[in-house]
Every structure is written in C-alpha cells, then in structure tokens.
Amino acid sequence: MDIKQLDNKKIPKHIAVIMDGNGRWARKRGLKREFGHREGKKAVKKIVEACAELKIPNLTLFAFSTENWKRPKLEIDFLMKLLFLSLKDELNNLNKNNIKFNTIGFIEKLPKSIYNFLIKVKNDTKHNTRMNLTLALNYGGRNEIVDVVKSISDKVKNNIISLKKIDESLINSHLYTSNLPEVDLLIRTSGEKRVSNFLLWQIAYSELYFTKILWPDFNKKDLLKAISSFQKRERRFGKTSEQI
Ligand code: FPP
C-alpha cells in the first residue's frame, strides 16, 4: 500500500485510535507488559508522523481510560512515567512540525508532575496549526456525557440557556472535543471489536476499522490500509445510495 494509491480528496478529517495489544505483544515474546508499552510509544510516534504527512488534521489517541486505574500499580506508574518522558522528548518535535497538543479526560487526577507538564505542552503548542493531536487520558465516554449533562443543566438552572435551545449542536459545543470535527474513522488494533467507552457521542457516524495487528506492530502501511478501506466505503448518513 502506497500513499499515492489514496484519494487525496477523501482524506479523513479526524481519525481516532484505540491503541490495543501492547500487553499481548510483550507476552508473545516472553517479555513483561512494560516492554509492550515502550514499543507502543514508538508506534505512536510513527503514526503521528504519518498522519502529519498525510495531512490528516485531527488525530485522537486513547492512551489511558478511566478503567485503566484498575491495573496493577506498577504498570500504571510505568505508563505515567512513559507518558511524561515521551512528552519531554517530543515537545520540540511537536513545535518543529507545527502540531498542536491537547488532551481530553480528567487529567487533574493524574500525578501532579504529569498534570503540570501536560499543561505546559498544551500551552507551548497552542498556536500550531498543522494538526491537532489529542490524547485521551483518564478519559471515559460516559463520564464525558455526564459532564455535558451537568454543565448544560447548570446553565438551564441559572437561566443562561433555555430548555428549548438544547439540541445536537449545543451538546457538541459542550463536549471535551468541542474544538474537533466528528470522527470520520475509528481504528482499533489487536482484534477486539469493541468501542470500550471511547468517544461515544462522536462516533455516531464514524466508519469503524478493526485490525488484528497489535498496536506496537501497527505502522504507516497499516494506517494507509485503514484509510484506503475508509475511502471505499459509502457514507450515507441515513440517505439512500442514489442521493449521495
Ligand atoms: C493497550 O494495550 C494500551 C494502553 C492501555 C496504553 C496505551 C499506551 C501506549 C500506546 C504507550 C505510550 C503512549 C503514549 C501516548 C506515550 P494493553 O495493555 O491493553 O494490551 P493488552 O490488551 O494486550 O493487554
């Protein structure tokens, strides 16, 4: 699969990825799970670079879910450290490549040093325009919807908005992803066919792409295959084929 085989006019505007299979990648090699995460980090870098090259304006990666706190403490500590070191290593690169970094999820619950560094990276990259790279950290889709309901209810209670004004676009504007377009393509690696509480509202009309490839093995060629599959699908949004 080559970049030239893609249709330039049908490049997805927003790709979201559930990066799954780091643990299995390591186990298959008789290694500890941490090795899988370390390789997973290398795959993140490759995919961010490939998306920038392909002119995909928005990439959102599921890096840590609200459910991931249930993992052994040592693994959580390792993931947090890996995140911190990766961001430190990549901050210059993000700026050099004009990539704006953002997060979705309740990052206030992350260790203070990481929280502070996330804020710094967001701040230092906020004027970049080539691509939005969003990491979902301590993120859960249902949690996000609960937050939206709370903030809208609060505004209704305080007469800031009237009940009549509540519609899809108002909900969109209260999501953590209010700055992003809808997800065109959701990719999940490792063979699991679930959405696991990721971007529940935002994937209503997304094309779903599942691959058996484990995340650390997922590379640019696999990304091109996913985009090619996306380009072959007819997105009808409820209309008939003839109306498209
Ligand atoms: C899923 O594999 C992966 C995660 C829970 C964490 C994602 C983390 C990375 C890709 C590494 C670094 C990321 C950044 C952004 C620096 P799993 O552990 O659930 O694998 P398994 O299902 O095979 O056990």
Side-chain angles (χ1 to χ4, degrees), residues 15-52 58-94 97 99-107 109-111 113-115 117-122 125 131-141 143 176 186-199 209-220 222-223 226:
I15 297 183
V17 188
I18 302 175
M19 311 180 288
D20 196 9
N22 293 352
R24 276 162 283 168
W25 184 95
R27 207 179 320 128
K28 259 173 64 181
R29 289 161 177 80
L31 300 168
K32 287 191 179 157
R33 298 175 56 82
E34 284 73 11
F35 283 88
H37 295 315
R38 202 175 288 155
E39 285 303 304
K41 183 229 144 180
K42 294 183 194 165
V44 169
K45 188 172 161 70
K46 278 188 222 156
I47 294 309
V48 172
E49 284 167 0
C51 285
N58 300 283
L59 174 66
T60 302
L61 303 173
F62 205 0
F64 197 86
S65 72
T66 44
E67 288 74 33
N68 284 150
W69 295 109
K70 294 178 197 146
R71 294 192 175 202
K73 186 177 179 312
L74 272 179
E75 183 172 343
I76 296 174
D77 290 349
F78 182 88
L79 279 168
M80 294 297 152
K81 215 162 133 190
L82 184 65
L83 173 69
F84 183 65
L85 294 175
S86 307
L87 286 170
K88 246 175 112 179
D89 279 353
E90 297 302 329
L91 177 56
N92 281 342
N93 260 337
L94 290 171
N97 288 292
I99 295 171
K100 180 171 168 175
F101 176 82
N102 216 337
T103 62
I104 51 171
F106 194 51
I107 58 169
K109 235 200 112 193
L110 300 180
S113 56
I114 297 183
Y115 171 78
F117 202 67
L118 288 167
I119 300 294
K120 175 181 165 50
V121 180
K122 284 190 205 193
T125 63
M131 180 172 117
N132 289 311
L133 170 63
T134 306
L135 279 194
L137 289 165
N138 195 20
Y139 173 87
N143 242 333
Y176 304 156
L186 173 73
I187 299 172
R188 182 172 190 152
T189 58
S190 92
E192 312 291 354
K193 294 185 175 126
R194 293 189 285 273
V195 293
S196 298
N197 204 12
F198 191 39
L199 301 174
Y209 182 86
F210 299 104
T211 170
K212 285 197 173 137
I213 296 169
L214 303 175
W215 176 252
D217 290 326
F218 192 81
N219 58 27
K220 181 175 161 186
D222 302 309
L223 177 71

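These figures come from a predicted structure and were not determined experimentally. What's counted below: heavy atoms across the whole structure, side chains too, no hydrogens, waters or symmetry copies. Note that ligands are numbered from 1 as they come in the structure, with each ligand's atoms numbered from 1 the same way. One-based numbering along the sequence shown.
Of the possible polar contacts, one joining the Thr125 side chain to the Phe101 backbone as a donor-acceptor pair under 3.5 Å is found. With Asn197 contributing its side chain and Gly140 its backbone, the two residues share no donor-acceptor pair below 3.5 Å. Judged by distance alone, with hydrogens and angles left aside, the side-chain atoms of Asp217 form no donor-acceptor pair with the main-chain N or O of Ile213 at under 3.5 Å.
Contact atoms of ligand 1 toward Ser86: 16 (C) (distance under 4.0 Å to a heavy atom of the residue). Counting the atoms of ligand 1 from 1 in the order shown, those under 4.0 Å from a heavy atom of Gly23 are 17 (P), 18 (O), 20 (O), 21 (P), 23 (O), 24 (O). Shown in contact with Trp215 at under 4.0 Å from a heavy atom are these atoms of ligand 1, numbered in order with element: 10 (C). For ligand 1, the atoms closer than 4.0 angstrom to any heavy atom of Leu82 are 11 (C), 12 (C). Proximity to Arg24 (heavy-atom distance under 4.0 Å) selects the following atoms of ligand 1: 21 (P), 22 (O), 23 (O). When each atom of ligand 1 is checked for a heavy atom of His37 under 4.0 Å away, the hits are 11 (C), 18 (O).
Ligand 1 lies within reach of Arg33, whose nearest heavy atom is under 4.0 Å from it. Residue-ligand proximity: Arg71 is placed with a non-hydrogen atom under 4.0 Å from ligand 1. Ligand 1 does not have Ser190 within reach: every non-hydrogen atom of the residue lies 4.0 Å or more from it.
At the shortest separation from atom 13 (C) of ligand 1 among protein heavy atoms lies Val44 CG2, 4.1 Å. Regarding atom 2 (O) of ligand 1, its nearest protein heavy-atom neighbour is Asn22 N, 3.2 Å. In terms of protein heavy-atom proximity, atom 6 (C) of ligand 1 is closest to Ala63 O, 3.3 Å.
Checked against the 6.0 Å centroid threshold, Trp69 and Phe64 count as a close aromatic pair.
Cation-pi geometry between Arg27 and Trp25 is not met at under 6.0 angstrom from the ring centre and within 45 degrees of the axis.
Of the candidates Glu90, Lys45, Met19, it is Met19 that places a heavy atom closest to atom 1 (C) of ligand 1. Closest heavy-atom approach to atom 15 (C) of ligand 1 among the candidates Thr189, Leu79, Ile76, Leu135: Leu135.
At a cut-off of 3.5 Å, with distance as the only test, no side-chain donor of Ser190 or Lys212 sits close to an acceptor on the other residue. Under the 3.5 Å distance criterion, with hydrogens and angles disregarded, a donor-acceptor pair is assigned to the side chains of Ser196 and Arg188.
Here the closest non-hydrogen pair linking Thr189 and Asp20 is OG1-O, 2.7 Å. The two residues Ile18 and Phe198 make their nearest non-hydrogen contact at CG1-CD2, 3.5 Å.
Contact annotation: the side chain of Asn132 never approaches that of Leu59 to less than 4.5 Å [non-hydrogen atoms, C-beta and beyond].
Considering both main-chain and side-chain atoms, Arg27 never comes within under 3.5 Å of ligand 1 through any nitrogen or oxygen pair.
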